[in-house]
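What follows is a single structure, written as structure tokens, with notes after it.
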Amino acid sequence: MQIFKFGGASIKDAAGVKNIATVLQKVGYANTLIIVSAMGKTTNALETVIKNYFENKPQLQSSLQEVKKYHHIILLDLFENESHPAFKKVAVLFDELNNFLTTNKSPDYNFVYDQVIGFGELVSTTIISEYLNAINIKNNWIDVRTQIKTDSYYRRANVNWEETQSLITSIFNKTVLNITQGFLGSDSNNFTTTLGREGSDYTAAIYGYCLNAESVTIWKDVPGVLNADPRYFENAQLLNKISYREAIELAFYGASVIHPKTIQPLQGKEIPLYVKSFLNPEASGTRIGKNATLYPMIPCFIVKKNQVLISLSSLDFSYIVEENISDIFNLLHQYKMKVDVIQNSAISFSVCVDNIFNNLDKLLQHLKAKFKVTCNENVSLYTIRHYNGNTINQIEAGKTVLLKQLTQETVQIVTK
């Protein structure tokens with residue numbers, strides 16, 4: 001069994017959908033599962049729908065219509081006429097989405113988010129499955145929500161591994177090509193849950209683990225894992241081999257090519273993870289596996305934009321000790337802040353966080369009751385693995401450094 005995951009950039013239009021068929025024909029698809037993200041920027045477009053649902057009802061239908069139109073154009077490019085069953089199946093999904101937006105009574109943003117956002121993946125896999133069938137690549141469409149079960153932590157759900165393992169192994173069809181959605185699961189009440197942004201990679205790892213896959217391959221628009229994001233850094237280089245440990249480190253610090261949770265399930269069964277280019281599918285790409293170290297051994301750069309740096313100090317110049325730090329982390333957990341860097345001294349404590357759930361104002365209000373608080377929003381967090389003096393100077397040049405932390409292998413720098 002091999003697992004292939006295709007991201008949104010690989011299927012942003014009809015040409016991308018057709019290219020999936022080309023990739024499958026070149027590398028083979030016997031005993032294969034395909035996991036697919038939403039098409040192009042559909043997730044962002046559905047986030048606009050959700051925003052309008054809560055804040056701008058008059059614009060709700062027009063924003064939803066934009067999502068429908070985008071997919072309808074792709075359908076028209078793939079199929080000869082609108083009588084093809086794909087059009088009806090996609091229309092049914094959008095009717096289901098519209099019905100939810102019309103009848104939902106829950107005011108919980110995170111719940112609504114998960115019920116709406118997943119239609120991107122449901123629609124994309126429906127279109128791709130129908131197209132592959134049309135060109136005689138027969139396949140079995142799976143609703144991932146019937147196989148990956150989670151808790152009800154909406155927008156960042158935790159997998160129920162025992163139930164998921166049982167469901168996948170009992171109802172998975174290994175005799176044909178299978179296709180399913182990334183990013184999604186369902187809770188005990190069968191409401192849709194999501195695994196966090198970029199969670200489709202994690203979905204591939206979940207299936208890889210449960211099916212004892214021979215390998216998992218993530219198909220991207222880059223040659224493999226690079227030592228830097230080419231959108232922000234010049235002269236990015238391909239990393240041919242990476243160890244599980246190094247990949248986990250890179251993912252933890254925010255390397256965008258790998259989801260932070262993806263590596264652990266694969267490492268548990270020593271399943272290799274490949275990252276390859278869907279534009280050049282026969283190239284070797286990057287192999288992540290056991291005893292692979294890092295090759296070539298070069299500095300790796302990661303940047304996370306739009307972070308928040310919160311600096312705390314005691315109101316009476318007393319020490320910030322274990323009890324204070326425990327209170328701070330309880331609040332960070334309560335307001336669902338993802339912590340990226342911490343630094344403390346005798347009377348101060350700084351933390352760089354990702355305000356994923358937009359709870360910053362509530363957190364700051366709570367912290368100001370106990371501490372003197374300074375907050376810098378829209379800061380950038382740079383991480384360099386295997387750094388040297390030149391790489392640090394390169395990052396700091398022309399920037400205001402707010403925080404800097406060095407260990408033997410890693411430096412993290414927060415800049416304004």
Side-chain angles (χ1 to χ4, degrees), residues 1-8 10-40 42 71-94 96 118-148 164 167-184 200 203-208 210-219 271 274 276-279 281-282:
M1 168 62 64
Q2 60 181 350
I3 314 289
F4 289 167
K5 179 261 173 175
F6 291 91
S10 66
I11 49 166
K12 63 183 179 180
D13 51 25
V17 175
K18 292 176 182 178
N19 190 58
I20 285 186
T22 301
V23 171
L24 294 175
Q25 289 161 343
K26 284 185 176 180
V27 303
Y29 53 88
N31 200 17
T32 298
L33 167 66
I34 304 173
I35 291 163
V36 182
S37 301
M39 291 176 152
T42 297
H71 289 90
H72 193 73
I73 290 171
I74 293 174
L75 284 166
L76 290 172
D77 286 343
L78 291 173
F79 302 101
E80 290 184 0
N81 59 69
E82 295 187 42
S83 64
H84 191 280
F87 288 86
K88 179 64 181 296
K89 290 184 178 181
V90 169
V92 168
L93 287 169
F94 278 117
E96 184 181 336
F119 280 91
E121 280 72 17
L122 293 169
V123 171
S124 68
T125 51
T126 297
I127 293 173
I128 293 166
S129 175
E130 290 295 320
Y131 175 73
L132 293 177
N133 277 324
I135 63 168
N136 210 32
I137 299 179
K138 301 304 180 185
N139 65 90
N140 176 45
W141 184 91
I142 299 168
D143 187 337
V144 73
R145 299 172 297 179
T146 65
Q147 296 190 339
I148 294 182
T164 297
L167 288 168
I168 288 176
T169 53
S170 64
I171 61 178
F172 194 83
N173 186 347
K174 290 187 177 182
T175 62
V176 297
L177 174 66
N178 293 274
I179 180 169
T180 195
Q181 307 78 37
F183 183 48
L184 308 181
S200 294
T203 304
I206 293 168
Y207 273 101
C210 292
L211 293 169
N212 295 311
E214 178 184 327
S215 64
V216 173
T217 301
I218 298 172
W219 297 95
I271 299 168
Y274 294 92
K276 295 186 177 184
S277 169
F278 59 76
L279 301 173
E282 294 171 306

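Predicted model, so just to flag it, every value in this text is computed and none were measured. When reading the values below, keep in mind they use all heavy atoms of this one structure, side chains included, and skip hydrogens, waters and symmetry mates.
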Original post:
Rounded to the nearest 0.5 Å, how far does CD of Gln147 lie from OG1 of Thr164?
Top reply: 9.0 Å
Original post:
Any donor and acceptor pair, going by atom type alone, linking the side chain of Thr126 with main-chain N or O of Val90 inside 3.5 Å?
Top reply: no
Original post:
What pairs with Phe4 under ring pair (Phe, Tyr, Trp, His ring centres under 6.0 Å), at least two apart in sequence or on another chain?
Top reply: Trp219
Original post:
What are the two closest non-hydrogen atoms of Gly16 and Asp13, and how far apart are they?
Top reply: N-OD1, 2.8 Å
Original post:
How far apart are the closest heavy atoms of Asn139 and Ser129, and which atoms are they?
Top reply: OD1-OG, 2.5 Å
Original post:
Do Gln2 and Thr32 meet the criterion of a side-chain donor-acceptor pair at a distance under 3.5 Å?
Top reply: yes
**OP:** Might you work through the side chain to side chain contact (heavy atoms under 4.5 Å, CB included) test for Ile128 and Phe6, ending with a clear yes or no?
**Re:** CA-CA 11 Å; Ile128 293 166; Phe6 291 91; over 6 Å; no
Original post:
Okay, side chain of Glu121, backbone of Ser37: is any donor-acceptor separation there less than 3.5 Å?
Top reply: no
**OP:** Please report the shortest heavy-atom distance between Leu33 and Ile179, naming the atom on each side.
**Re:** CD1-N, 4.2 Å
Subject >> Closest non-hydrogen atom pair between Leu75 and Ala86, with its separation >> reply: CD2-CB, 3.9 Å
**OP:** Kindly write out the residues that satisfy ring pair (Phe, Tyr, Trp, His ring centres under 6.0 Å) with Tyr29, not counting sequence neighbours, or none if the list is empty.
**Re:** none
**OP:** Measure the CD1-CG distance between Ile34 and Asn178 for me, rounded to the nearest 0.5 Å.
**Re:** 9.0 Å
**OP:** Ignoring hydrogens and angles, tell me if any N or O in the side chain of Thr125 forms a donor-acceptor pair with the backbone of Gln181 under 3.5 Å.
**Re:** no
Original post:
CD1 of Ile74 to CE of Met39: how many Å apart, nearest 0.5 Å?
Top reply: 4.5 Å
Original post:
Going through the checks in order, is the side chain to side chain contact (heavy atoms under 4.5 Å, CB included) test met by Leu24 and Leu177?
Top reply: CA-CA 10 Å; Leu24 294 175; Leu177 174 66; 4.1 Å; yes
**OP:** Could you walk me through whether Glu82 and Leu76 pass the side chain to side chain contact (heavy atoms under 4.5 Å, CB included) test, one step at a time?
**Re:** CA-CA 7 Å; Glu82 295 187 42; Leu76 290 172; 3.8 Å; yes
Subject >> Point-to-point distance, once rounded to the nearest 0.5 Å, from CG of Leu167 to OG1 of Thr169 >> reply: 8.0 Å
Subject >> Derivation and outcome, side chain to side chain contact (heavy atoms under 4.5 Å, CB included), residues Glu96 and Leu122 >> reply: CA-CA 11 Å; Glu96 184 181 336; Leu122 293 169; 5.7 Å; no
Original post:
Minimum heavy-atom separation for Ala21 to Ile135, with atom names?
Top reply: CB-CD1, 3.5 Å
Original post:
Can you tell me how far CD1 of Ile127 sits from NE2 of His72, rounded to the nearest 0.5 angstrom?
Top reply: 10.5 Å
**OP:** Check whether any side-chain N or O of Asn19 sits under 3.5 Å from a backbone N or O of Phe278 as a donor-acceptor pair, and report yes or no.
**Re:** yes
Original post:
Do the non-hydrogen side-chain atoms of Ser124 and Ile11 ever get within less than 4.5 Å of each other?
Top reply: yes
Subject >> Closest heavy-atom pair and its distance - Ile35, Ala204 >> reply: CD1-CA, 3.3 Å
Subject >> Flag, side chain of Lys138 to backbone of Asn133, donor-acceptor distance under 3.5 Å >> reply: yes
Subject >> Separation of Trp141 CH2 from Lys89 NZ (nearest 0.5 Å) >> reply: 9.0 Å
Subject >> Partner residues of Lys18 under the side chain to side chain contact (heavy atoms under 4.5 Å, CB included) criterion, sequence neighbours left out >> reply: Leu78, Tyr131
